[in-house]
Amino acid sequence: MSRAERISDNLNRALHQVMEDDPSVHVLGEDIVDPYGGAFKITKGLSTRYGSRVRSTPLSEGGIVGVGAGLALAGDKAIVEIMFGDFAGLAFDQLLNFASKSTMMYGRRVEIPLVVRCPTGGGRGYGPTHSQSLQKHFIGIPGLSVFEMSPFHDARELLPHLLSLGEPCLLFEDKVLYTRRTYRGGEVDDLFVFDLVGPPPYTARVRLDDGSPPDCTLIAPGGVAHRALSAMRALLLEDEITCQLLVPARLYPFDPGPLLPLLGGTRHVCVAEESTAGGTWGGEVAHHLHRHLWDSLPRPVSVVCSAPDVVPTALHLERDVLVQDTAIRQAVLEALA
Amino acid sequence: MIDTARAHRPPVAKIGDEDLERLLLIRHFELTLLKLFEQGALNGTTHTCLGQEHIPVALSALLREEDFVFSNHRGHGHFLARYADPHGLLAEIMGREGALCGGVGGSQHIYHERFLSTGVQGESLPVAVGVALRLKRTTPGALACAYIGDGTFGEGAVYEALNMAQLWRAPLLVVVENNGIAQSTPTSAQMSGTIAARAEAFGVRHHRIATVDLAHIRDEMGPLVAAVRQTSAPLVAEFVTRRIGPHSKGDDARPEQERLQAELNGWHRAYGEAFPERFARIDARQRELVARVAAEVAARPAVTRGRA
Ligand SMILES: Cc1ncc(C[n+]2csc(CCOP(=O)(O)OP(=O)(O)O)c2C)c(N)n1
């Protein structure tokens, strides 16, 4: 197999492809035009090829999400990059009170094909206002769908899917993924394989090659996938506990349906996420699973989050705060003890 | 090829040793940071104020201890012009013992005495209005000074703040470091109209300064700052300046010619050529000082976090 592409390249190619395939797609964001090509270079080459359909904007997060919503309302499709997902706070009103509501509040369905991309998460020493995982703040808003990029999903399928929904979507992209490579062809490493289950945009299922039913199920969004994989490896090799890992691309609304058949016989389900605890996506997933599997789950679903804290700048302090593979492993060991 | 003859060397008046020391302390501090990054001794990110050091150094002489300074992502110069504590600042950036904010805030989130910086552009301006209103009540004559870049004029919070500041007569000094660029985007590609006209729209006094001469800046700004104190009227002071380094590190997409031109027009060359011997002597001293600070801080243990 040829060397897999970097996730940043995968996202970049996906953007090129949607702009090529659909002339109604416009891309907006701070510093996104060439030669700079965006703070994380995800938009590189777009302005050179697609000219005025790609705009570097003023520092106006609320404004540019509103402009994107306007383009989308009037018949175009818009993709807006928020340089650091933390600044989506400045666009919250446009998403909450305009874009998501407008699909429903005029007594008929109004299409707003708008995708807001949010580079997200810590692990890079950028400090408290540039490292947060804000997914949870966008969970539970009717008319607003929340997705997360993962190493198992192909942005070339994911992005057109989001644009086809006709409603505002947030796409979280963990910044630590940018330099990592995609998994393709069902192979993860020497121990694990994966497949994609359910309807698009799919949930990735990672498991042992031998097809035996796992003791435990981990559920994590794309940004935490590598830490979950590392926990799975340690649990297998050091604790003799087998796990499967489920990585859904769609976080909200969360449909547990396609996952339920995969959870029969599992002794524990653990959801891991990087946000701070309290009103989280993981809590939402746990709630769904408790409702559907109340009679068969041997114990409550556990949710592993980062510490209730700001994300410090110094790397060693940041590590203490952010959810790590060791915390996931520990949660599983405690549940199965 | 750079056309040295075309580069305009700005005239400068006399400068005291202390000012030169401060300018060159900041210059060497910033250069050292970029070097430490290159060597992999630092992580995360940083934004240096190379080329813009003269603004906070000139203004620090006009500020009083009871004034409150708000800074932004490009804040090392703002800090060092006010507090001669390169150890504390570097320890903060390196996550070592003695860090100003326990290594939590890092380069762009610092709260020390009456100095506060934060990393979300524009956010600090309404906060500065609140602080100014309290100062007006409790410490008449004191002001809140907020540094922002030209790019930050894209944020709505800036206008909400200017409106409230004028409406409620807040002693607010907004220092705009207009360096013609925001990250990679030239001001002309992100600002319609002018900063002057924007201030005027709110009835806020505006003053524009293009010189790098500290004495000249102080002469012009002195009475204006005094007026902010005495009349509790906000002021927007716009400094035309040039960034001569990258936005953060290794991300300068400008043509080298443009960057070099900015360097040749800057305070460093002006003072260096006007006072060569004194400049060289102080420059060497500050280079050594910062090297010593860097070595000392790097040798310290990692900062630990006392959690309440
Ligand atoms: C709300 C917000 N949006 C975007 C950024 C990312 N960012 C940091 S500095 C910067 C450019 C700021 O330009 P300007 O205000 O002109 O200051 P300069 O960097 O030129 O000193 C950007 C886009 C941010 N920190 N906060």
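- No hydrogens or angles considered: nothing links the side chains of A:Thr313 and B:His109 as a donor-acceptor pair under 3.5 Å.
- Contacts of residues 33-48 of chain A with chain B at a heavy-atom distance below 4.5 Å involve A:Pro35, A:Tyr36, A:Ala39, listed in sequence order.
- Residue A:Phe87 touches chain B through its side chain alone, counting heavy-atom pairs closer than 4.5 Å.
- Taking A:Ala99 as the reference, A:Ala69, A:Leu114, A:Pro168 meet the side chain to side chain contact (heavy atoms under 4.5 Å, CB included) condition, with sequence neighbours excluded.
- Between B:Met191 atom CE and A:Leu59 atom CG the span is 10.0 Å, to the nearest 0.5 Å.
- A distance-only check finds a donor-acceptor pair linking the side chain of A:Ser60 to the backbone of B:Gly154 [under 3.5 Å].
- Within the 4.5 angstrom heavy-atom criterion, atoms from both the backbone and the side chain of A:Glu61 approach chain B.
- Within the 4.5 angstrom heavy-atom criterion, no atom of B:Glu92 approaches chain A.
- Chosen from B:Ser184, B:Ala253, B:Gly156, B:Ala302, the residue pairing most often with chain A at heavy-atom distances under 4.5 Å is B:Ser184.
- Contact count versus chain A (heavy atoms, under 4.5 Å) is highest, among B:Gly95, B:Ala157, B:Gly119, for B:Gly119.
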Verdict with supporting geometry, B:Arg305 and A:Asp309, side chain to side chain contact (heavy atoms under 4.5 Å, CB included): CA-CA 12 Å; B:Arg305 195 149 174 227; A:Asp309 208 333; 2.9 Å; yes

Indicate every side-chain donor-acceptor pair of residues 322-330 of chain A with a distance under 3.5 Å to a residue at least two apart or in another chain.
{"unit_1": "A:Gln324", "atom_1": "OE1", "unit_2": "A:Arg319", "atom_2": "NH1", "d": "3.3"}
{"unit_1": "A:Gln324", "atom_1": "NE2", "unit_2": "A:Arg319", "atom_2": "O", "d": "3.2"}
{"unit_1": "A:Gln324", "atom_1": "NE2", "unit_2": "A:Leu322", "atom_2": "O", "d": "3.3"}
{"unit_1": "A:Asp325", "atom_1": "OD2", "unit_2": "A:Ser230", "atom_2": "OG", "d": "2.5"}
{"unit_1": "A:Arg329", "atom_1": "NE", "unit_2": "A:Asp239", "atom_2": "OD2", "d": "2.8"}
{"unit_1": "A:Arg329", "atom_1": "NH2", "unit_2": "A:Glu238", "atom_2": "OE1", "d": "3.3"}
{"unit_1": "A:Arg329", "atom_1": "NH2", "unit_2": "A:Asp239", "atom_2": "OD1", "d": "3.3"}
{"unit_1": "A:Arg329", "atom_1": "NH2", "unit_2": "A:Asp239", "atom_2": "OD2", "d": "3.3"}
{"unit_1": "A:Gln330", "atom_1": "NE2", "unit_2": "A:Glu334", "atom_2": "OE2", "d": "3.2"}

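- The candidate with the highest count of non-hydrogen atom pairs below 4.5 Å against chain A, out of B:Thr152, B:Thr118, B:Thr45, is B:Thr45.
- With a 4.5 Å cut-off on non-hydrogen atoms, B:Asp252 does not touch chain A at all.
- The minimum heavy-atom distance between B:Val303 and A:Leu317, with the atom names listed, is O-CD2, 3.8 Å.
- Heavy-atom neighbours of B:Arg259 CZ from other residues, nucleotides or ligands within 6.0 Å: above the threshold of 12.
- Taking OG of B:Ser107 as the reference point, atom OH of A:Tyr126 lies at 12.5 Å (rounded to 0.5 Å).
- Residues of residues 96-105 of chain B lying under 4.5 angstrom from chain A, judged on non-hydrogen atoms, are B:Gly102, B:Gly103, B:Val104, B:Gly105 in numerical order.
- Interface check for chain B: of the options A:Gly62, A:Ala314, A:Pro312, the most heavy-atom pairs under 4.5 Å are formed by A:Pro312.
- Residue contact with chain B, scored on non-hydrogen atoms closer than 4.5 Å, involves the backbone of A:Thr57 exclusively.
- Counting only distance, with no hydrogens or angles, the side chain of A:Asp31 and the backbone of B:Thr185 share a donor-acceptor pair below 3.5 Å.
- Heavy-atom pairs under 4.5 Å with chain B were tallied for A:His130, A:Arg124, A:Glu30; the largest tally goes to A:His130.
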